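Small disclaimer: the values here were computed from a predicted structure and weren't measured. Worth knowing before you read on, the calculation uses all heavy atoms, side chains too, and leaves out hydrogens, waters and symmetry mates. Proteins get letters first, then strands, A, B, ... in listed order; numbering begins at 1 in each.
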Amino acid sequence: MVVTRIAPSPTGDPHVGTAYQALFNTVFARQNGGKFIVRIEDTDRARYNATSETRILDMLDWLGLTPDASPRHEDELGPYTQSLRADLHREHARRLLDAGHAYRAFDTSEELDARRKAAEERGESYRGYDRRDRDLPREESDRRAAAGEPFVLRLRVPLEGETVVRDRLRGDVRFDNRELDDKVLLKTDGFPTYHLAAMVDDHLMGVTHVIRAEEWLVSTPIHVLILRGLGWDEPEWIHTPWLLGPTGKKYSKRRGDPSVEDFRRMGVLPEALLNFLGMMGWSMPDGREIFGVQDMIEHFTWERVSLGGSTFDVTKLRWLNGKYLREVLTEEDVATRLHAFLTEQGVQVPLDDHFRAVVRLMVPRFEVFSEFWEKSTYFFTEDYAFNEKALKLLADGRDFLDDLRRALAEAPAFDQTTLEALLRGFADSAGLKPGKVMQPLRAAVAGTPESPGMFELLEVLGRERVLSRLDRAMSVASA
RNA sequence: GGCCCCAUCGUCUAACGGUUAGGACACUACCCUUUCAAGGUAGCGAUACGGGUUCGAAUCCCGUUGGGGUCACCA
């Protein structure tokens, strides 16, 4: 069975890159009837952030990429929290030590730093651990360890030959073993490093395909060597292309690129974000740009993955989100979800017919939920402000607004058709172009010259509100 | 700097030896029109460079350049 995983570390905000990896891991697993798991890699106690794990798991739920197994949904291969598996890691580290594939190194961090610095001062580029303790006799190593001297366990990489990483996307990538470092496997604190822990856990959890970001490619030979030392088969390696920020560097929250939570607060739909991520580095065979996770599951192939990094273009994401609002979701769905968003943001409006009517009018006029309220406030309060342009239009309409109010008050009905005939007739008899009448009217009832169409706007507002708004506007204008 | 990956419009991408190099976002113009949007039409705009291979290269090979990544007791 195909088993894929993501292995995020709980160090901060839920990362877009994590969502990106989750997408491809999910799609590939589902396509093969397999299993997608999330393992939280919390072995770095120094950078651990208590809320981060919950937020990462919440993000996945929000996106609809809920894993088959995770710290929230354990199964017999768990636990899915790396720190809880330290005994397992130590046990396998021991195996590596006994088999001669690893050795104890007693250098302190300070010594290492000093040597690194000295090398730099000599103008040499740092070449990795200098292997001082690589050939310490086992007896001495055992004795010093037993005496309580702190040590780390390091991988004994071959000094000659090469290690080949067979990558699904890039073919065979060859590494000269002389370029490899004797990486730390077990830290002084007894916790494993990523390299050991991930390989042990992946194997024990039955992971068949390691789909991860390109940054891991160069450490893969280390992983291959660990796997070989333990006598295990390699998974299939798949290193996906980069997600880039606006400056062309790797997308990163630290650099100021938005997190998934930022997009959520912006009012981006999860399906739009996923769709957008799906077209970063991949494309539908028929060129469609609007597609969902299910479409990806049906059509995904590695052959269609492009290897150049993709720049994350928020402008296009916004366009795509607007597209979902206008063409993919139903009106009712947009209303319901927008209402939930507003509630979450602390805006209290009833989810009623008026709200639905407003949403219907406004939907082509905003791309993300966060833009809605600011552009639609006047639909929900009689106390809306008049902006500068509106004030000017009100002045333009001073001569006829009073007559227009009377005409509106006497209109036989207040539906779009009636209103259109009435307004055009009014303009005609006043010898004005329709726009000259409608713009001041619009300014009066909306406080801005930018609004949905005049007739539908009036209908949605209703006669009572329109008349009282005109009263207020005229008093504001003459003040 | 060593090593590794990558390279089509500003951006996301299509093309898997033969196309006027296609589409989308953005931008510009026009249409629609009561404003703002949405929508429609058109325009602008790319195979980084140099060598090969081939009847024929965006496509295959080599080099150059450029960009990115990685060189932690972080993941």
Side-chain angles (χ1 to χ4, degrees), chain A residues 7-11 41-44 46-47 82 105 107-109 112-113 116 123-129 150-154 165 167 169-170 173-176 178-181 183-189 191-195 197-198 213-221 239 241-242 244 246 248-250 276 279-290 303-304 306-313 315-320 322 326-327 361-367 375 389 393 420 423-424 427 433-439 441-443 446 448-455 457:
Chain A
S9 52
T11 51
E41 311 244 318
D42 59 346
T43 46
D44 182 2
R47 295 203 307 158
Q82 195 155 68
D107 322 71
T108 64
S109 294
L112 256 19
D113 287 344
R116 204 181 342 252
E124 300 166 14
S125 62
Y126 178 64
R127 305 281 300 162
Y129 178 54
F151 63 88
V152 299
L153 205 67
R154 284 183 180 272
V165 173
D167 184 87
L169 259 15
R170 299 152 207 273
V173 182
R174 322 184 82 88
F175 294 87
D176 189 325
R178 280 170 299 200
E179 301 287 337
L180 269 26
D181 191 15
K183 287 286 183 223
V184 171
L185 264 21
L186 223 46
K187 297 178 253 183
T188 309
D189 63 9
F191 276 89
T193 58
Y194 171 85
H195 303 294
E214 186 187 327
E215 63 182 317
W216 297 108
L217 183 56
V218 290
S219 51
T220 307
H239 292 93
W242 286 111
L244 273 18
K249 304 249 197 279
K250 97 177 178 184
F276 183 72
M279 54 194 201
M280 304 290 279
W282 186 76
S283 60
M284 284 285 274
D286 62 3
R288 243 185 304 167
E289 288 207 282
I290 305 296
E303 285 62 39
R304 293 194 66 80
S306 56
L307 296 178
S310 311
T311 307
F312 194 104
D313 179 6
T315 303
K316 188 162 184 176
L317 202 215
R318 294 171 62 95
W319 164 80
L320 188 65
R326 279 174 258 121
E327 298 176 14
L361 259 37
M362 292 303 293
V363 104
R365 295 174 170 82
F366 63 93
E367 291 183 314
K375 294 184 173 184
K389 286 177 182 171
L393 286 165
E420 174 160 12
L423 284 173
R424 289 191 190 285
K433 286 164 89 174
K436 286 293 177 192
V437 171
M438 287 190 259
Q439 280 305 83
L441 211 211
R442 186 191 310 280
T448 165
E450 294 171 12
S451 88
M454 191 77 260
F455 319 121
L457 172 63

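When the P atom is compared between B:U54 and B:C3, the two are found 32 Å apart, to the nearest whole Å. Taking atom C1' on both B:A48 and B:G43, the two are 26 Å apart, rounded to the nearest angstrom. When the P atom is compared between B:U41 and B:G23, the two are found 11 Å apart, to the nearest whole Å. Comparing the C1' positions of B:C71 and B:U64 gives an interatomic distance of 25 Å, to the nearest angstrom.
Across B:C5, B:C74, B:C25, the shortest atom-to-atom separation from the side chain of A:K187 is found for B:C74. Set against B:U35, B:C5, B:C73, the side chain of A:Q439 has B:U35 as its closest nucleotide. Closest to the side chain of A:D44, from the set B:A72, B:U34, B:A75, is B:A75. The listed nucleotides are B:G2, B:C73, B:G69; the one nearest the side chain of A:E179 is B:G2. Nearest to the side chain of A:L307, among B:C6, B:A72, B:A24, sits B:C6. Checked against B:A75, B:C73, B:U34, the side chain of A:M438 finds its nearest nucleotide in B:U34. Comparing B:A75, B:C36, B:C5 by their closest approach to the side chain of A:E450 singles out B:C36. Of the candidates B:G69, B:A26, B:A72, the closest approach to any side-chain atom of A:E215 belongs to B:G69. Nearest nucleotide to the side chain of A:K183, out of B:U35, B:G68, B:C71: B:C71. Picking from B:G69, B:C74, B:A24 the nucleotide with the shortest atom distance to the side chain of A:K249 gives B:G69.
Remark: B:A58 base-pairs with no nucleotide; criterion is Watson-Crick or G-U wobble with both hydrogen-bond distances under 3.5 Å. B:C30 is paired with B:G40 under the criterion used here, namely a Watson-Crick or G-U wobble arrangement in which both key atom distances are under 3.5 Å. Of the nucleotides present, B:C71 is the one that pairs with B:G1 by Watson-Crick or G-U wobble criteria, both distances under 3.5 Å. Pairing of B:C25, defined by two Watson-Crick or G-U wobble distances under 3.5 Å, is identified with B:G10. Pairing for B:C16 is absent, with no Watson-Crick or G-U wobble pair whose two atom distances lie under 3.5 Å. Across all strands shown, B:C49 forms a Watson-Crick or G-U wobble pair, both distances under 3.5 Å, with B:G63.
Each of A:F366 and A:F276 was assigned the nucleotide of RNA chain B with the nearest heavy atom; the assignment lying further toward the 5' end belongs to A:F276. Annotation: of the two residues near RNA chain B, A:T311 and A:S219, the 5′-most nearest-nucleotide partner is A:T311.
OP1 or OP2 of B:A26 has not a single side-chain nitrogen or oxygen of A:T315 nearer than 4.0 Å. The side chain of A:R47 places no N or O atom within less than 4.0 Å of a non-bridging phosphate oxygen (OP1 or OP2) of B:A72. For A:W319, a side-chain nitrogen or oxygen approaches OP1 or OP2 of B:C25 to under 4.0 Å. For A:S109 and B:A72, the shortest distance from a side-chain N or O to OP1 or OP2 is not below 4.0 Å. For B:C4, the OP1/OP2 oxygens have no side-chain nitrogen or oxygen of A:R174 closer than 4.0 Å. Distances shorter than 4.0 Å separate none of the side-chain N or O atoms of A:R318 from OP1 or OP2 on B:C25.
Note on A:P192: only backbone sugar-phosphate atoms sit closer than 4.0 angstrom, heavy atoms only; bases stay farther off. Among the protein residues, A:P241 comes within range of no part of the nucleic acid, since none of its heavy atoms lies under 4.0 Å from any strand. Base contact: A:D107 has a heavy atom under 4.0 Å from a base atom. Contact annotation for A:R326: backbone-only contact, meaning every heavy-atom pair under 4.0 Å involves sugar-phosphate atoms and none involves a base. Nucleic acid contact class of A:R288 (heavy atoms, under 4.0 Å, all strands): none. Within 4.0 Å (heavy atoms only), A:G287 reaches no atom of the nucleic acid at all. Within the nucleic acid shown, A:R116 comes within 4.0 Å of sugar-phosphate atoms alone, with no base atom in reach, counting heavy atoms only. Across all strands shown, A:M454 has heavy atoms under 4.0 Å from base atoms, whether or not it also approaches the sugar-phosphate. Among the heavy atoms of the strands lying under 4.0 Å from A:V152 is at least one base atom, whether or not backbone atoms are also near. No engagement by A:T11 is indicated, since no non-hydrogen atom pair under 4.0 Å with the nucleic acid exists. When heavy atoms are screened at a 4.0 angstrom cut-off, A:T43 is found touching the sugar-phosphate backbone but no base atom. Across all strands, A:S283 comes closer than 4.0 Å only to sugar-phosphate atoms, never to a base (heavy-atom distances). Using a 4.0 Å heavy-atom criterion, one finds that A:K250 contacts the sugar-phosphate atoms exclusively. Within 4.0 Å of A:G322, counting heavy atoms only, lies no atom of the nucleic acid at all.
Not counting sequence neighbours, the partners of A:D44 by the salt bridge (Lys or Arg N to Asp or Glu O under 4.0 Å) test are A:R47. For A:E450, the salt bridge (Lys or Arg N to Asp or Glu O under 4.0 Å) criterion is met by no residue, not counting sequence neighbours.
Counting to the nearest Å, the P atom of B:A75 and the CD atom of A:Q82 are 8 Å from each other. Straight-line distance from the CZ atom of A:R178 to the C1' atom of B:C4: 16 Å, rounded to whole Å. Per the geometry, CG belonging to A:L180 stands 11 Å off P belonging to B:C4, to the nearest Å. In this entry the distance linking CZ of A:R442 with P of B:A37 reads 12 Å, nearest Å. Distance, A:K316 NZ to B:A24 C1': 4 Å, rounded to whole Å. Separating the CG atom of A:D286 from the C1' atom of B:G23 is a distance of 12 Å, rounded to the nearest angstrom. Regarding A:L361, its CG atom lies at a distance of 16 Å from the P atom of B:C36, rounded to whole Å. Between the C1' atom of B:A24 and the CD atom of A:E367 lies a distance of 14 Å, rounded to the nearest Å.
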Give the intermediate values and the outcome of side chain to side chain contact (heavy atoms under 4.5 Å, CB included) for residues A:M454 and A:L441. CA-CA 8 Å; A:M454 191 77 260; A:L441 211 211; 3.9 Å; yes
Start with the C-alpha gap between A:H239 and A:V173, add the side-chain angles, then the distance that decides, and say whether side chain to side chain contact (heavy atoms under 4.5 Å, CB included) holds. CA-CA 11 Å; A:H239 292 93; A:V173 182; over 6 Å; no
The test is side chain to side chain contact (heavy atoms under 4.5 Å, CB included); show your working for A:L393 and A:R442 and say whether it passes. CA-CA 9 Å; A:L393 286 165; A:R442 186 191 310 280; over 6 Å; no
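Using a 4.5 Å heavy-atom threshold, the side chains of A:F312 and A:L317 count as touching. Using a 4.5 Å cut-off on side-chain heavy atoms (C-beta onward), A:E214 and A:K250 make no contact. Using a 4.5 Å heavy-atom threshold, the side chains of A:I290 and A:E327 count as separate.
Checked options A:K316, A:E289, A:R318; the residue passing with A:F276 is A:K316 (criterion: side-chain contact (heavy atoms from CB on, under 4.5 Å)).
Classified by interplanar angle (parallel below 30°, tilted 30° to 60°, perpendicular above 60°), the ring pair A:W216/A:Y194 is parallel.
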